[in-house]
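Lettering of chains follows the sequences in order, A, B, ..., and the numbering in each one begins at 1.
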Amino acid sequence: MAAVDTPPIVTARRDLADSHTLARYLDTGGYRGLRQALTMHPEAVAAEVDAASLLGRGGAGFPAGRKWSMLRKAPISYLVVNGDESEPATFKDHYLVERDPHQLVEGVVIAAYALQVTQAFIFLRGEFALGLERVQQAINEAYEHGALGRNIFGSGFSVDLVVHPGAGAYICGEETALLEALEGKRGFPRIKPPFFPAVTGLYGEPTVVNNVETMSNLPWIVLNGGAAFAALGGGRSTGTRMFALSGRVNRPGVYEIEMVKNTFRDLIFDDRLGGGIPGGHELRAFIPGGVSAPWFGPEHLDMVLGQDEVGAAGSMLGSGSIVVMDDTTCVVRAAWRITKFFSRESCGQCTPCREGSGWVERILYRLEHGGGRTEDVDVLLDLCDNISPGLNWPPQQTTICVLGPSIPSSITSAISRFRDDFYAHVQHGSCPHE
Amino acid sequence: MTYFRSDIRQRAEELVSLYPRRRSAMLPLLHLAQEQDGYLSDAGMAEVAELTGTTPAEVRGTAAFYDMFHLEPVGRYVVGVCTNIACLLAGGEDLLEHARRTLGCEVGHTSADGLFTLEETECLADCNIAPAVQVNHRYVHATTPEELDRLVEDLRAGRRDHDIPPHGTLIRVRRSGGLRVGAAELAEERAQARAEREAREAAASEAS
Amino acid sequence: MSEPISITLNGRVVAARPGELLIEAAEHAGVFIPRFCYHPRMEPVGVCRMCLVEVESPRGSTLQPSCFVRVNDGMVVRTDSDKTKKAQDGVLEFLLANHPLDCPVCDKGGECPLQDQTLAHGSGETRFIEEKRHFVKPVEIGPLVLLDRERCIQCSRCTRFAAQVAGDAQIDFAGRGDLIEVATSPTQPFDSVFSGNTVQICPVGALTARPYRFTARPWDLAQVESTCTTCAVGCRVAVQSSGNRLTRVLGVDSDAVNHGWLCDKGRFTLDAIDGHADRADPLDPRARITTPLVRRDGGLVPTTWGDALARAAALLRAPGPDGVGAIGGAALTNEGAFAWQQVVRDVLGSPHLDAQYGDGLDPTLVQSLPAATIDDAAAARVVVTLTGDLREELPVMFLRLREGVAAGRTALIELASGPSALRSLARVVIPVVPGEAADIASALVDAARPAGADAVSAARELLGDGEGVVVVVGRPNLAEHPGIAERAALRLATGLPKARFLVALRRGNVRGALDMGLAAQWRPGRVYDASARGRDTLAQLDALRRGEQSAVLLLGADLVGNVLDRQGAAAALEAAAVVAVTGHGSPTLAYADVVLPAHVQHERSGTVTNLEGRVSAVVAKISAPGAAWSDVTIAAELATELGQALDYDTAEAAAAVIERTTGYPAHTVLTSASIDGVVAGTGATSSRRVLDPIAFPGIRSADAVGLASFAGDTLSLDVEADARGNVVPALAQVAIAEVTVPPLDAYAWRVLVARRLYDHGAALAASPALAELRVPLTLGLHPTDADRLGLASGDEVAVRGVARRTALRVRIDEGLPRGVVSLDGATGTFDGDDILADVIEEGATVAQVRLETR
Ligand SMILES: Cc1cc2nc3c(=O)[nH]c(=O)nc-3n(C[C@H](O)[C@H](O)[C@H](O)COP(=O)(O)O)c2cc1C
Ligand code: SF4
Ligand code: FES
């Protein structure tokens, strides 16, 4: 039975049409978390976040509290919020910035206070025109309200917050590419080490980068305590989480549910959530955490939505987006389209990613359009192996960032699960499933 | 004399002042240049180079990295149809094909009347209302051929002018509040805050 | 030095330097890791991924880019494992996927690492059957460089060079993913004076140089290592020829000097040497002088060497020792300079020698300032520049200085006479109006001056007592009396006792010529002769006009084109017996009575000495056309004709005499292949490390070039003799003419004439590749001044100087001080307007003009 009754944390205002306004935000408890935080020692605020064991919601799932405490040893210069949200089928931050921008702003100010940072940026995907306007409006209102700017709520703490629009490049979600874009350059991910922007981030200074959803959880955590958050969910996966469900389901959408208490079956089939597959079709496969993740099949439906559980099964919960494919889906076409995405979005620095993605995309296109050869399937696998040696999960890297090793995921998933589909394409020039 | 209109120039200078380093204003400034011309003209990019302290080649190179910047003129409305995985599964390719016929232009091209440019986009993060469509980066929720045709009619008739500005105008809400102290003062404040914090921490560690 | 550490490389324990890049550590241990994007003179970026190697870690082995990873003690690395091999082969296959494989028609074919790698490791058969990326080809991205985009492997060497090394990102990547391409802005071509370096470091044939494109195949080329003598930096080069035709010059990496870089003038003017064999008019700088000429019936006619030498000897001997003198010599080798000074000083008995044309600095000052090397300046705490724009004057030294300044290691104080490419990086900029340099120098060292918030105070604070300070001093303004810059240098030297100086003289081997005694008070080996009383160039011209001197030996062609007062020079030569030794034609030869054809750059061997005093070898690559001889031979034959034979007649023999009699290491440098970087002849056999084998297939690069023994010697201020026994004048005794600068006049504009790389001199005129790039003659004005006069860029304005009124086009130049006009493109007047003679008054300490606007 799905645990959908847990009260939502970040989508609590989902039924209110004017949830983005300051007035509505204030009468639904807005900025109380910030007022509370400002009465605490900054370290105590950080300690609550640590106690909450809040895993970053951007994809890598690194605990926010730990990231901060690692950093607090050195003074941090900048806080940067990652709202680039361009991972295919991920649309939770889109919801948050349009529907609850004040919650985000409040979270950012709380984090800035905990980290004692006086300059923060929200990097928002450029295609979010409405989101950009809503967040800017919220920032304007927050300044007016005294929740942002100099001497916030009379506490003596000041922080400036600037919204920075992206301009259409998926790679800017990668945090070091994002910093490059924030420095006014093209979004080339920086070579590691250093592994964390914490060491050399924006302008070479220590910088914390966190996701929009991560930030949006902070007002609740401060108000209710880290322990209350950690009491939800289980294991390392605490609290609730927003899952973006799409593809072949009756009710695609963002659902905030408690971690670990629900299975993929709950999410996809429960009537209050995904509501099952249209036309009663059979599930063939699903992507458990964004297109970088290896695919799951029907045998994984009863796995709980937990970071470690999914990780142990050879994939990842990543950005929390689940895409459902059913028996009307051509998996070759699905793999091709995802690969085309990576090929278009490769920044172009690393040879294996730049050239490899284009090459495998063209082979898949040929296969899908009836020009395939039997040997193409093995060539695909070998090329994937050259991009990410070993083809195992977590992937090995020949590239600067993990976009490169994300390329093989869908290809090797599709081939290992549906190799016959590929051969059918070669033989018949079309898909037996469509 | 600047190439930017005076109001755009003023906003541009405000933007530059928001960042610790002026090159950081590159993307917002390019959006502004696009707001003036609908695309990135050579003169617009030259002015951005001047404002950001970079070379024209760097501005062009940076701009060309990003899909939202157009180095050639585009239509008044840039229509983007998503065909990425979630939208693919919801018929995005068919909708794109329909848009091609309705607008009378190929993907990546502009209609003869100069009104529409059609683009095939990557995921627009609106996968629950699939296939996702944007016009000038506004979500329009036109998932069926009929809805799309109606939208195009409305655009032609100017009935969407209130919520869909011409291409290039991205953020209509201007920053109104803020510290507005400029990069130098912010840095000073940051340094001061840091010094105070370090003093506090030193005191705390001495006490313990 | 920190303790060496050890790493295990392919099962073998080898030593490495802590913090060293793995790719370098492996190379030192004799293991070459393939690479494309890595360049030893630029920050590693690790993008091509060709250099992936297997590195052991506690969590298993991973593939790491060896160009980016630094070694640590105990590191275990495999460059020969299956895993490494598969990764590298994979990258190579990916690189070839979109590559056109048009090697047979590609300039890089035969010296292309991509081609080499493919032949060595490629599977032979391509698995790539898709359509390749296709571009319209090729694009002319600048006047000298073409781009074939489909050959590009996106290594970013060229764009990084432009942005990081040259500091001017005229090219940058545009696009994303596999559509990424190198591009310029439509509003700004790639016309950097360093553009040729991008061609040299491009690992494939994507960037090609217009002058070299399709002219040769690498396997037809023979090459020698030599030294560029286009300017006084003395960059190390490889000179290549196909048969007896020069085809290409490449920069060789020398730690001490050029780090592998060259400027485009040094790289591309080689076409001036044999590009115009067909031109016969000796007054045309594009002509080569291939046979001795004598004046007969008003014209120059060919004759035999015997006849020419006899006539020359007669002309030079006739007036007696005080009536003859020599001018020029900065383009000679040290051996040539030595031989000629011996002819003049010992054979003819004349003390009148000057290697400069009155546009340099006092030789005694040059030799006495406490000396710094280029390395010293590049690593200094503070650098002061009292020069023109170094990028225009001494381009590769600009690159060397820029590196430290851009990295924030060096604080730059600019005494700014005019625009400068270093300006945006300077810590302190003090505008210098013509005539004021010495006063500003005084203020900088005036202990009594109260501190303030101005630029001078900020500079004083940085300068301290001169510890860690290097002053680069040259002639920032040719339109002011040299005494102004000289006095400024002297004041800084006495006021900053710990500072050292790098004298930025510009002509090729001017420092060598001074060291070899082509200056009245300086004998070979930097020996000062206080009793000598000789005339410098301007004094000789004066004496010629007054009839006190009646014969002159011109060492190098173009005296008239190089002095400011051309008419005065012409009048002087008109009256005199003129013997010219030269390889090129020039307008000056209109006054010559005998012309002796000499070898030029790349036709002669010997040594040269760069501006810091570093001696290095030049090596002949081709044989000279016609009957030309080397300067040493000509001097020796002329001496014989004059009745006093020299005891050498080849460069090597001359070098031996120089070294034996003065200790100057000419012979060691010329003959020694065992000294690092000094390679005579074609056998580059010394065991030097290969710095950038990609850019430089088959050529070894140098660790240290030339002998540093004479470079940067700090000569004592007070003692009478230095360690080598050379007599050195105390700085306080350096006699510099007292100059009085007239007060500023509200109606007059002070004139700046600065040197430009692409000037109107003979070298550019003679180079088909560069001739079109000569900067046009314009009048520079500060924007505020232009506004005040109501002038815009491109407007015409009348300039009234001493002689006549000339109309010039206005060019707005933010780099100028207020109240100053610059005559840009006015130097070297082969084909230009003779503007300098008109506006610059003879003998004036500063030049002033009036502007007439309507
Ligand atoms: C190719 C790539 C794309 C990414 N895109 C996003 C994104 O759109 N939004 C995001 O928050 N994180 C994204 N990430 C993860 C970020 O690099 C970073 O881990 C995250 O912003 C940290 O925030 P968190 O700790 O709050 O999750 C991406 C990473 C990669 C490698
Ligand atoms: S892996 Fe791909 S996206 Fe990531 S840095 Fe390399 S080329 Fe760019
Ligand atoms: S990645 Fe190391 S040489 Fe290119």
Open item on the list: For A:Asp160 versus B:Arg175, what's the shortest heavy-atom pair and its separation?
Closed with: OD1-NH2, 2.6 Å
Task: Side-chain (B:Gln134) to main-chain (A:Glu127) donor-acceptor, under 3.5 angstrom - done: yes
Task: Toward chain B, the part of A:Glu345 with a non-hydrogen atom under 4.5 Å - done: side chain
- [ ] Among B:Leu124, B:Asn136, B:Thr52, B:Thr169, single out the residue with the greatest number of heavy-atom pairs under 4.5 Å to chain A.
- [x] B:Leu124
Open item on the list: When you measure from the side chain of A:His94 to the backbone of B:Ala125, do you find a donor-acceptor pair of N or O atoms at a distance under 3.5 Å?
Closed with: yes
Open item on the list: Report which part of A:Val249 has an atom under 4.5 Å of a heavy atom belonging to chain B: side chain, backbone, both, or neither.
Closed with: neither
- [ ] Quick one: closest heavy-atom pair of A:Ala89 and B:Ala86, and the distance?
- [x] CB-CB, 4.5 Å
Task: Gap between atom CG of B:Leu27 and atom SG of A:Cys172 - 0.5 Å precision - done: 7.5 Å
- [ ] Compare all side-chain heavy atoms of B:Pro28 with those of A:His164 and state whether any distance is below 4.5 angstrom.
- [x] yes
Open item on the list: Working to the nearest 0.5 angstrom, can you tell me the gap between B:Asn84 CG and A:Phe341 CZ?
Closed with: 6.0 Å
Task: Intermediate values then yes/no, salt bridge (Lys or Arg N to Asp or Glu O under 4.0 Å), A:Glu183 and B:Arg21 - done: CA-CA 8 Å; A:Glu183 289 185 7; B:Arg21 299 194 188 166; 5.9 Å; no
- [ ] Identify which part of B:Gln34 has an atom lying under 4.5 Å from any heavy atom of chain A, answering side chain, backbone, both or neither.
- [x] neither
- [ ] Could you tell me which portion of B:Thr83 (side chain, backbone, both or neither) has an atom closer than 4.5 angstrom to a non-hydrogen atom of chain A?
- [x] both
Task: chain A contact via B:Glu58 - side chain, backbone, both or neither, heavy atoms under 4.5 Å - done: neither
Open item on the list: I need the B:Ile129 CD1 to A:Phe91 CZ distance, nearest 0.5 Å.
Closed with: 9.0 Å
Open item on the list: Looking only at side-chain N and O atoms, does A:Arg186 offer a donor or acceptor that is under 3.5 Å from a partner on B:Tyr66?
Closed with: no
Open item on the list: Donor-acceptor pair, distance only, cut-off 3.5 Å: does the side chain of A:Arg337 make one with the backbone of B:Ile85?
Closed with: no
Open item on the list: So which residue, A:Ala142, A:Ala181, A:Gly131, ends up with the most heavy-atom pairs under 4.5 Å with chain B?
Closed with: A:Ala181
Open item on the list: Are B:Pro20 and A:Tyr203 packed together at the side-chain level, in the sense that at least one heavy-atom pair is separated by less than 4.5 angstrom?
Closed with: yes
Open item on the list: Do A:Arg344 and B:Glu122 make a side-chain contact, defined as non-hydrogen atoms from C-beta onward lying under 4.5 Å apart?
Closed with: yes
TODO: Return yes if some donor-acceptor pair links the side-chain N/O of B:Asn128 with the main-chain N/O of A:Pro252 below 3.5 Å, else return no.
DONE: no
- [ ] Pick whichever of A:Leu130, A:Leu202, A:Leu182 has the most heavy-atom pairs under 4.5 Å with chain B.
- [x] A:Leu182
TODO: Under 4.5 Å heavy-atom distance to chain A, tell me which part of B:Leu88 shows up: side chain, backbone, both or neither.
DONE: side chain
Task: Whether B:His31 side chain and A:Gly126 backbone form a donor-acceptor pair below 3.5 Å - done: no
Open item on the list: Counting C-beta onward and ignoring hydrogens, is there a side-chain heavy-atom pair between B:Ser24 and A:Phe121 closer than 4.5 Å?
Closed with: no
Task: From B:His137 atom NE2 to A:Arg125 atom CZ, the distance as rounded to the nearest 0.5 Å - done: 9.5 Å
Open item on the list: Less than 4.5 Å to any heavy atom of chain A: does that hold for the side chain of B:Arg22, its backbone, both, or neither?
Closed with: neither
- [ ] Give a yes or no on this: more than 12 heavy atoms of other residues, nucleotides or ligands lie within 6.0 Å of atom OH of B:Tyr39.
- [x] yes
TODO: For each of A:Ser321, A:Ser246, A:Ala244, tally heavy-atom pairs with chain B at distances under 4.5 Å, and name the one with the top tally.
DONE: A:Ser246
Task: Part of A:Val291 lying under 4.5 Å from any heavy atom of chain B - done: side chain
- [ ] Salt-bridge test for A:Glu133 and B:Arg172: reply yes if a basic N is under 4.0 Å from a carboxylate O, no otherwise.
- [x] yes
- [ ] Indicate yes or no: at least one non-hydrogen side-chain atom of B:Ile171 is less than 4.5 angstrom from one of A:Pro165.
- [x] yes
Open item on the list: B:Arg174 vs A:Asn140, test: side chain to side chain contact (heavy atoms under 4.5 Å, CB included). Steps then yes/no.
Closed with: CA-CA 9 Å; B:Arg174 271 176 83 170; A:Asn140 290 350; 6.0 Å; no
Task: Contact check, side chains of A:Glu180 and B:Thr62, non-hydrogen atoms, under 4.5 Å - done: no
Task: When A:Cys347, A:Gly187, A:Gly166 are compared by non-hydrogen pairs under 4.5 Å with chain B, the top option - done: A:Gly187
Task: Distance-minimising heavy-atom pair for B:Leu89 and A:Val324 - done: CD1-O, 3.4 Å
Task: Aromatic plane relationship, B:Tyr139 with A:Phe128 - under 30° parallel, 30 to 60° tilted, over 60° perpendicular - done: tilted
Task: CD1 on A:Ile322 to SG on B:Cys127, rounded to 0.5 Å - done: 12.0 Å
Open item on the list: Are A:Lys185 and B:Phe65 packed together at the side-chain level, in the sense that at least one heavy-atom pair is separated by less than 4.5 angstrom?
Closed with: no
Open item on the list: I'd like to know whether CD of B:Glu50 has more than 12 heavy-atom contacts from other residues, nucleotides or ligands below 6.0 angstrom.
Closed with: yes
Open item on the list: For the NE2 atom on A:His281, are there more than 12 heavy atoms of other groups (residues, nucleotides or ligands in this structure) within a distance under 6.0 Å?
Closed with: yes
